[in-house]
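It should be emphasised that the depicted structure is a prediction, and the values quoted were computed from it without experimental measurement. Note: hydrogens, waters and symmetry copies are ignored here, and every other heavy atom, side chains too, is used.
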Amino acid sequence: MEAIIRRMEYTALAITVISMIVLMIIISFDAVFRYSLNSPIQWAADLATYYIMSTLIYLALSPTYRSGDHIRITLVSTHLPHSVKAISEFIGTALATIAFLVIAYGAFSHSIEGLHRNEFLPGYIMWPGWLSYLPIAIGAGILVLRLLHHLYMLVRFGRDNHVFLEEGSVE
């Protein structure tokens with residue numbers, strides 16, 4: 001299961017990197033055209049807002065969690081006994097799993113509803129509305145798989161060697 005989740009995370013990261021490059025190119029061309037030719041790219045802001053930003057944020061969630069690069073408040077947890085720390089890790093991961101499951105389900109539901117209703121977003125170009133929810137649903141879904149796997153590893157082995165938790169340690 002770890003290998004499947006890892007492949008999904010690498011694919012998501014590759015899409016995130018490509019999206020970042022596309023965003024930089026579009027914004028750069030928009031700035032050049034806007035200030036040198038007084039002719040901005042009309043659809044640039046819509047594309048960035050509706051699709052690229054959610055792709056950048058949500059497809060990077062699971063790999064960020066796995067590598068420990070997310071925000072984690074350890075002021076108290078570093079001083080807790082190992083058993084209490086393990087319980088708090090389990091509870092926090094379980095709550096995060098539920099929260100991101102709700103996000104994934106909601107985004108997927110909105111996407112399907114928008115597709116059935118032929119929903120479009122306003123702007124210079126009529127962008128398909130349902131497409132804007134897909135990166136959210138996919139990214140949150142991959143994170144839910146990672147969190148479920150993490151919970152399984154914690155219950156089964158008491159640690160998860162695939163998730164980086166604290167500075168200088170992998171549990």
Practice prompt. Looking only at non-hydrogen atoms, find the nearest pair between A137 and A107 and report the distance.
Written response: N-CB, 3.6 Å
Discussion item. Let me check something: do F100 and I98 share a hydrophobic cluster, defined by ILVMFWY side-chain heavy atoms less than 4.5 Å apart, either directly or through other members?
Written reply: no
Discussion item. With rounding to the nearest 0.5 angstrom, report the CD1 to CG distance, I18 to L59.
Written reply: 11.0 Å
Discussion item. Do Y10 and F164 sit in one hydrophobic cluster, given that two such residues count as connected whenever their side-chain heavy atoms are within less than 4.5 Å of each other, even indirectly?
Written reply: no
Item to complete: Please test I26 against I52 for side-chain contact (heavy atoms from CB on, under 4.5 Å), starting from the C-alpha separation and ending with a verdict.
Response: CA-CA 11 Å; I26 290 171; I52 297 177; 4.3 Å; yes
Worksheet item: Is there a side-chain contact (heavy atoms from CB on, under 4.5 Å) between I125 and Q42 once you walk through the steps?
Response: CA-CA 9 Å; I125 296 175; Q42 299 295 326; over 6 Å; no
Worksheet item: Are I4 and Y65 connected, step by step, through hydrophobic side chains (Ile, Leu, Val, Met, Phe, Trp, Tyr) whose heavy atoms are closer than 4.5 Å?
Response: no
Discussion item. Measuring from atom OG1 of T64 to atom CD1 of I57, what distance do you get when rounded to the nearest 0.5 angstrom?
Written reply: 11.0 Å
Discussion item. Can you give me the closest heavy-atom contact between I142 and A12, atom names plus distance?
Written reply: CD1-CB, 4.1 Å
Practice prompt. Name all pairs fulfilling the side chain to side chain donor-acceptor pair (under 3.5 Å) condition that reach into residues 101-121, sequence neighbours left out, sorted by first residue then second.
Written response: R117-E119
Worksheet item: Does any non-hydrogen side-chain atom of Y51 lie less than 4.5 Å from one of P128?
Response: yes
Discussion item. Just to verify, what does F29 make a ring pair (Phe, Tyr, Trp, His ring centres under 6.0 Å) with, not counting sequence neighbours?
Written reply: F33
Worksheet item: Are L13 and L143 grouped together when hydrophobic residues (ILVMFWY) are joined by side-chain heavy atoms under 4.5 angstrom apart?
Response: no
Worksheet entry | Nearest-0.5 Å distance, CG of residue L47 to OH of residue Y50 | 11.0 Å
Discussion item. Are there over 12 heavy-atom neighbours, none belonging to M8, within less than 6.0 Å of that residue's CE?
Written reply: yes
Worksheet item: Any link between L37 and I27 through a network of hydrophobic side chains (Ile, Leu, Val, Met, Phe, Trp, Tyr) touching at under 4.5 Å?
Response: yes
Worksheet item: Just by modelled atom types, is the K85 backbone N or O under 3.5 Å from a matching donor or acceptor in the S88 side chain?
Response: yes
Discussion item. So, using side chain to side chain donor-acceptor pair (under 3.5 Å) as the criterion, who are the partners of S67 when residues are at least two apart?
Written reply: D69
Worksheet item: When rounded to the nearest 0.5 angstrom, what is the spacing between CG in L101 and CG in L148?
Response: 7.5 Å
Fill in: Stepwise side-chain contact (heavy atoms from CB on, under 4.5 Å) check, M1 with Y152
CA-CA 11 Å; M1 189 62 162; Y152 169 77; over 6 Å; no
Fill in: Salt-bridge present (R7, E2; N to O < 4.0 Å)
no
Practice prompt. Starting at CD1 of I5, measure out to NE2 of H149 and round the result to the nearest 0.5 Å.
Written response: 5.5 Å
Discussion item. Once side chain to side chain donor-acceptor pair (under 3.5 Å) is applied, what residue pairs with a partner in residues 123-141 remain, sequence neighbours excluded?
Written reply: none
Practice prompt. Can you run down the side chain to side chain donor-acceptor pair (under 3.5 Å) pairs that involve residues 53-62, sequence neighbours left out, and say none if there aren't any?
Written response: E9-S62
Worksheet item: Quick one: side chain to side chain donor-acceptor pair (under 3.5 Å) pairs with a partner in residues 17-33, sequence neighbours left out?
Response: D30-R34
Discussion item. Just so I know, are the side chains of R6 and R146 near enough to count as touching, which here means a heavy-atom distance under 4.5 Å?
Written reply: yes
Practice prompt. Could you grab the distance from atom CG of L23 to atom CG of L56, nearest 0.5 Å is fine?
Written response: 6.0 Å
